[in-house]
S.K.: 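Quick one: the structure is below, and I'll ask about it shortly.
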There are 2 protein chains.
Amino acid sequence: MNIGEAARTSGVSAKMIRYYERIGLIADAARTEAGYRTYDRNDVETLRFIRRARDLGFSVEEMTALLALWRDKGRESAEVKRIALDHVADIERRIRELQGMARTLSHLAGHCHGDHRPDCPIIDDLAEGVADEAAPPRSGFRRR
Amino acid sequence: MNIGEAARTSGVSAKMIRYYERIGLIADAARTEAGYRTYDRNDVETLRFIRRARDLGFSVEEMTALLALWRDKGRESAEVKRIALDHVADIERRIRELQGMARTLSHLAGHCHGDHRPDCPIIDDLAEGVADEAAPPRSGFRRR
DNA sequence: CTTGACCTTCCCATGATGGGAAGCTCTATC
DNA sequence: GATAGAGCTTCCCATCATGGGAAGGTCAAG
């Protein structure tokens with residue numbers, strides 16, 4: 001099948017399939033005489049694996065490791081578990097950061113009239129920076 | 001003061017100060033004859049405002065609105081509150097996405113021996129995609 | 001043989017941030 | 001006054017995963 005059908009049946013866009021090939025996450029696809037990429041059921045299975053890992057928030061780097069382990073029938077499950085748990089710890093750290101932000105903002109908003117009057121503790125806090133209630137905004141925080 | 005001191009006292013890197021000026025979040029700084037940017041206490045206050053908003057996860061777009069409201073002494077607090085609560089809702093949506101991922105992965109890891117044996121439900125799930133326990137991986141999800 | 005869907009590569013953009021090069025300016029010390 | 005070193009300037013590049021779109025080749029149905 002061509003890349004379009006592989007994309008539809010795997011849930012990975014054609015753009016991303018080409019990208020994954022270019023960065024070496026997946027092997028170069030076979031080509032027709034005209035240069036079209038072709039995929040078989042096996043390739044689509046790999047793409048599905050990638051899509052599920054991606055949906056669980058794994059980075060390309062982590063997916064590279066997971067794919068290698070998937071293919072390695074003699075793998076040690078400890079290795080897979082370690083990657084998964086490291087990822088969980090990473091996710092939980094991000095959750096805590098976000099919770100700190102939400103808590104601070106909710107608190108401030110709770111004290112804001114939210115009417116036509118100009119007084120607003122949210123703005124006041126941003127301007128003065130009194131409350132240091134949010135999770136410590138250390139390095140490494142990225143939004144979206 | 002020059003950009004270096006403004007960066008140190010505001011907590012916003014010189015790189016980012018130039019970036020914020022270039023994209024129009026802050027006004028063009030005054031310049032010395034030699035072309036050096038100069039900042040006064042007022043400018044540093046603005047930069048501090050930006051840093052705090054950034055630490056709370058506001059995007060540049062949201063910061064633009066918040067800065068305008070900060071300067072507008074006749075603002076309606078309802079407007080500020082709306083931006084803050086919209087942002088909280090956005091944060092909470094991201095938290096739920098992350099929690100779904102962490103839950104699924106923790107569940108899978110809990111059933112993985114994590115030893116020298118190759119059997120691993122984490123890999124099996126990625127390969128087969130049986131459990132659809134994670135938050136629906138709709139469009140718009142971005143990692144980090 | 002034309003039409004339209006599909007494929008190819010290539011370049012650009014995102015958002016917020018940092019790295020680094022090449023070159024100019026300022027200040028302190030000799 | 002010269003020199004060293006810190007600090008400033010602009011410009012370009014990279015990140016990460018993803019999409020948009022242009023220019024042009026290919027294929028299948030009518």
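Lettering follows sequence order; numbering is per chain, from 1. Please read all numbers here as calculations on a predicted model, not as lab measurements. Any value given below was found using the heavy atoms of this structure, including those in side chains, with hydrogens, waters and symmetry copies removed.
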S.K.: Ignoring the backbone of A/Tyr20, work out which of C/dC10, C/dC7, D/dT18 is nearest its side chain.
M.R.: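 Closest nucleotide among those given: D/dT18.
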S.K.: If each of A/Ile23 and B/Asn2 is mapped to the nucleotide of DNA chain D with the nearest heavy atom, which maps nearer the 5' terminus, i.e. the 5' end?
M.R.: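 Taking each residue's closest nucleotide, the earlier one in sequence belongs to B/Asn2.
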S.K.: Starting at atom CZ of B/Arg51, determine the distance to atom C1' of C/dA16, rounded to an integer number of angstrom.
M.R.: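 The distance from CZ of B/Arg51 to C1' of C/dA16 comes to 16 Å, rounded to the nearest Å.
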S.K.: For A/Glu33 and for B/Ala34, find the nucleotide of DNA chain D with the closest heavy atom, then tell me which residue's nucleotide is more 5'.
M.R.: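 This one resolves to B/Ala34.
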S.K.: Can you tell me how far the CZ atom of B/Arg82 sits from the SG atom of A/Cys112, to the nearest 0.5 Å?
M.R.: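 Here the interatomic distance stands at 12.0 Å.
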S.K.: Check the distance between D/dT26's P and A/Ile3's CD1 and give it to me in whole angstrom.
M.R.: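 Answer to the nearest Å: 17 Å.
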S.K.: Please give, in whole Å, the distance from C/dG15 P to B/Glu62 CD?
M.R.: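 Atom CD in B/Glu62 sits about 12 Å away from atom P in C/dG15.
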S.K.: Identify, between B/Arg22 and B/Lys15, the residue whose nearest nucleotide on DNA chain C lies closer to the 5' end.
M.R.: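 Of the two residues, B/Arg22 wins.
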S.K.: Indicate whether OP1 or OP2 belonging to D/dT9 is found under 4.0 Å from a side-chain N or O atom of B/Arg37.
M.R.: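 For B/Arg37, the contact criterion (side-chain N or O under 4.0 Å from OP1 or OP2 of D/dT9) is met.
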S.K.: Separation of B/Leu25 atom CG from C/dA16 atom C1', in whole Å?
M.R.: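 Going from CG in B/Leu25 over to C1' in C/dA16 covers 12 Å.
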S.K.: Look at the side chain of A/Tyr19 and the base of D/dG19, then say whether one donor and one acceptor between them are separated by less than 3.5 Å.
M.R.: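 Counting by modelled atom types and ignoring angles, no donor-acceptor contact under 3.5 Å is found here.
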S.K.: Starting at OH of A/Tyr36 and ending at P of C/dA5, how long is that distance when rounded to a whole Å?
M.R.: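 In whole Å, C/dA5 P and A/Tyr36 OH are 14 Å from each other.
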S.K.: Among D/dT10, D/dG19, D/dG20, which is the nearest nucleotide to the side chain of B/Arg18?
M.R.: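 The answer is D/dT10.
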S.K.: Separation of B/Ile17 atom CD1 from C/dG18 atom C1', in whole Å?
M.R.: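 Taking CD1 of B/Ile17 and C1' of C/dG18, I get 14 Å after rounding.
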S.K.: Taking only Lys NZ, Arg NE, NH1 and NH2, and the carboxylate oxygens of Asp or Glu, determine whether A/Arg117 and A/Asp119 approach each other closer than 4.0 Å.
M.R.: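 Judged by the 4.0 Å cut-off on N to carboxylate O distance, A/Arg117 and A/Asp119 do not form a salt bridge.
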S.K.: Begin with the C-alpha distance, continue with both residues' side-chain angles, and end with the deciding distance and a verdict on salt bridge (charged side-chain N to carboxylate O under 4.0 Å, His left out) for A/Arg41 and A/Glu45.
M.R.: CA-CA 6 Å; A/Arg41 264 169 295 171; A/Glu45 274 314 293; over 6 Å; no
S.K.: Does D/dG19 have its OP1 or OP2 closer than 4.0 Å to a side-chain nitrogen or oxygen of A/Ser13?
M.R.: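 So the side-chain polar atoms of A/Ser13 do come within 4.0 Å of the phosphate oxygens OP1 or OP2 of D/dG19, strictly under.
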S.K.: Just by modelled atom types, is the B/Ser10 backbone N or O under 3.5 Å from a matching donor or acceptor in the B/Arg48 side chain?
M.R.: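 It does not hold such a pair.
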S.K.: Quick one: B/Met1 CE to D/dC8 C1', roughly how many Å, whole number?
M.R.: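 The distance from CE of B/Met1 to C1' of D/dC8 comes to 16 Å, rounded to the nearest Å.
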S.K.: Quickly work out the B/Tyr39 OH to D/dC8 C1' distance and round it to whole Å.
M.R.: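 So the OH-C1' distance, B/Tyr39 to D/dC8, works out to 11 Å.
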S.K.: Would you say B/Arg31 places a side-chain N or O within less than 4.0 Å of OP1 or OP2 belonging to D/dT10?
M.R.: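 For D/dT10, OP1/OP2 do have a side-chain N/O of B/Arg31 under 4.0 Å.
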S.K.: Atom CD1 of B/Ile83 and atom CG of B/Leu66: how far apart are they, to the nearest 0.5 Å?
M.R.: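 One gets 5.0 Å once the value is rounded to the nearest 0.5 Å.
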